[in-house]
Undergrad: 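Take this structure, written in structure tokens, and hold onto it; I'll ask about it next.
The model shown is predicted, which means the values in this text are computed figures rather than measured ones.
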Amino acid sequence: SGTTAPTTSDTTNSSEATKPTEPTQSTATTVTTETTTTTTETETTATTVTTAEPESEPILPDGKSLKVLAIGNSFSVDAMEYLYDIAKSAGYTDIVLGNLYISGCSLEQHVQTLSQSTLPYDFYLNNDGKWTKTKSKLVSGLNYTDWDVVTLQQSSGLSGVESSYEPHLTSLIETVKTACPNAKLVWHMTWAYQGNSSHSDFAKYDKNQETMYKSIVSAVNKAVLSGHKDDFAGVIPTGTAIQNIRTCYIGDTVTRDGYHLSYDIGRYTAALTWFKALTGADLSTVTYVPNEYRYLLGTRATFAAKEAAENACRHLFEPKASTYVNDMDTETKKADLEKLGLNPDDFTMIELDIVPYAYYNSVSGMLLTSKAGGSTASNINDFAASRLLSKKELPAGSVIVLESGWKYRPEGWRYAGAKNSDKIRPGNTSEEVVKVTEEWWGKFVFRAFNLSKADGTALTAEEAESAIGALRIYVPKAGK
């Protein structure tokens, strides 16, 4: 699918939230850290694909020019959504992004458009932080400016079918080289579908994510890197980055429909991978986090995304397991649960991604208000906040443990973007052990935790740091 009209979110001093909609073209450049996405639904492992890897080097020379045109489809829309803001936050000033889009377009279909008299493409353009759309021919898009890079990709369902690449890839390469002789040609390696995807093309890969990923890697190596080794300046390994992020505590939940990337962590990881592959920049210089998803993209989630992109660009075809996982503190888990007479092996300590100096106000909505996000609210220093948790992630039987001297408000929402009345907004509690029940959930389907000191005073820097471990949640393992 394509993108909708550009929207922005200005939420520096409130918790106002809007329900996530179709692709939003972001214009805000907020500083790092907000909150996270959902945890694992299906298990993903970082399996090594035994393929000779080329050296991963930056595609563009040092400089602040980033003029990139994608000849693609909805997967290039996903991947480029946040690229402008990421590049700008890292110091790039001469940025022009283009995307020649036809839904589900394959290499063969791109070539077929060359003989058409109509304007078959939606030409998405971003040269000032906002995406615009006009109708265009392929060659018109190629001639729009002096592009630094032109990317090509196969349609997702055919991405792992080597025989589908030719003779169309050769024809498309000739067209690009004729129109843009100075541009570097780059291959965009797309991602495998989510493990439970219902996409009809998933059957080509026995409905197996690992099989699809390995097929994509094989096709890229044979049809692109071997078949056209002198034509391509490099590969953007988005497919590997997505495999990497699936191994973090978020799990295999980074698509919105089983194949298009989620608007938050999925698209963010892809855009970071594009920026890293193209420029070689240190991703720690990137301060942008999409404003409208700050309640989903937290501190550790953004770190996990950057790690996934960095590792993918370092190891193009070899997925690497994330270091941002659940069960990070097994000693504390053991002490907490054994004290309660529970078997630590029966539970998972889930990552809460606590953000210092932040809170939710469910009366105003679902969006996180945070100091890092620009809030100057008078009480912002009193709180730290967890990521958002769904009822599926925090089922009945879970155990909430709180350190002495703290309290929390278990904010709740009945649907995404809901606003509560004061009457139904949950109150604060300093109870040190709470067992999650159906009654605890009530009519809510999402929860998040505002953590504060029991005496209500502001958090010092040291206390803000310690807040990360003051609230702990243990979720029963499947079948336990």
Side-chain angles (χ1 to χ4, degrees), residues 9-18 28-37 89 264 284 286-304 324 328-329 332 350-389 400-413 419-420 422 425-432 434 446-473:
S9 177
D10 183 7
T11 53
T12 56
N13 289 307
S14 74
S15 298
E16 195 72 10
T18 55
T29 51
T30 54
V31 289
T32 58
T33 84
E34 308 310 343
T35 63
T36 67
T37 61
S89 77
D264 43 78
S284 67
V286 173
T287 58
Y288 173 77
V289 176
N291 216 8
E292 58 270 47
Y293 296 112
R294 63 169 63 181
Y295 71 106
L296 292 173
L297 284 171
T299 307
R300 290 176 68 80
T302 56
F303 290 163
Y324 296 91
M328 290 293 287
D329 189 349
T332 299
I350 63 172
E351 173 59 55
L352 294 179
D353 203 352
I354 300 290
V355 179
Y357 305 126
Y359 64 81
Y360 299 87
N361 181 353
S362 60
V363 175
S364 298
M366 206 173 189
L367 194 63
L368 181 74
T369 296
S370 72
K371 197 171 186 177
S375 175
T376 58
S378 60
N379 62 347
I380 197 67
N381 290 337
D382 298 351
F383 301 96
S386 77
R387 66 186 179 92
L388 200 71
L389 295 167
I400 303 171
V401 176
L402 178 69
E403 286 287 323
S404 177
W406 294 84
K407 63 182 178 181
Y408 65 85
R409 184 194 295 269
E411 289 279 21
W413 297 268
K419 296 181 182 181
N420 290 330
D422 286 321
R425 187 187 186 195
N428 282 293
T429 180
S430 56
E431 195 170 352
E432 294 183 7
V434 171
F446 295 104
R447 290 275 196 171
F449 298 84
N450 292 338
L451 187 63
S452 59
K453 290 161 62 177
D455 63 10
T457 57
L459 304 179
T460 65
E462 185 178 347
E463 288 167 339
E465 183 68 26
S466 65
I468 294 171
L471 182 69
R472 304 180 289 278
I473 296 181

Undergrad: Holding to side chain to side chain contact (heavy atoms under 4.5 Å, CB included), I want the full list of residues that pass it with Ile468, two or more places apart in sequence or in another chain.
TA: Ile354, Glu465

Undergrad: Verify, without hydrogens or angle tests, whether Asn420 (side chain) and Trp413 (backbone) share a donor-acceptor contact under 3.5 angstrom.
TA: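 No: the side chain of Asn420 does not pair with the backbone of Trp413.
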
Undergrad: With the threshold set at 4.0 Å, does a side-chain nitrogen-carboxylate oxygen contact exist between Arg447 and Glu411?
TA: no

Undergrad: Looking only at non-hydrogen atoms, find the nearest pair between Ala470 and Leu451 and report the distance.
TA: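 Looking at all heavy atoms of both residues, the shortest contact is CB-CD2, 4.0 Å.
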
Undergrad: Rounded at 0.5 Å granularity, tell me how far CD1 in Ile473 sits from CG in Leu389.
TA: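 Interatomic distance, Ile473 CD1 to Leu389 CG, rounded to 0.5 Å: 5.5 Å.
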
Undergrad: Please answer whether the main-chain N or O of Thr287 pairs with a side-chain N or O of Ser89 as donor and acceptor at a distance below 3.5 Å.
TA: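 Between the backbone of Thr287 and the side chain of Ser89 there is a qualifying donor-acceptor contact (under 3.5 Å).
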
Undergrad: Can you tell me if CG on Asp422 sees more than 12 non-hydrogen neighbours from other groups inside 6.0 Å?
TA: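 No.
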
Undergrad: Look at Glu351 together with Arg387 and state whether they make a salt bridge at an N to O cut-off of under 4.0 Å.
TA: no

Undergrad: With the side chain counted from C-beta on, respond yes when Thr369 and Phe383 share a heavy-atom pair under 4.5 Å apart, and no when they do not.
TA: no

Undergrad: List the residues meeting side chain to side chain contact (heavy atoms under 4.5 Å, CB included) with Asp329, not counting sequence neighbours, and say none if there are none.
TA: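 For Asp329, the residues satisfying side chain to side chain contact (heavy atoms under 4.5 Å, CB included) (neighbours in sequence not counted) are Glu331, Thr332, Met349.
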
Undergrad: In Å and rounded to the nearest 0.5 Å, what is the CG to OH distance from Leu459 to Tyr357?
TA: 6.0 Å

Undergrad: How are the rings of Phe449 and Tyr408 set relative to one another: parallel (under 30°), tilted (30 to 60°) or perpendicular (over 60°)?
TA: perpendicular

Undergrad: Is Arg472 close to Glu403 at the side-chain level, that is, under 4.5 Å between some pair of heavy atoms?
TA: yes

Undergrad: Quick check: does any side chain N or O of Asn450 sit under 3.5 Å from a backbone N or O of Pro410, one acting as donor and the other as acceptor?
TA: no

Undergrad: Side chains of Thr460 and Asn381, heavy atoms from C-beta outward: is any pair under 4.5 Å?
TA: no

Undergrad: Regarding Lys371 and Ser375, is there a side-chain donor-to-acceptor distance under 3.5 Å anywhere?
TA: no

Undergrad: Do Lys419 and Ser362 come close enough that some side-chain heavy atom pair is under 4.5 Å?
TA: no

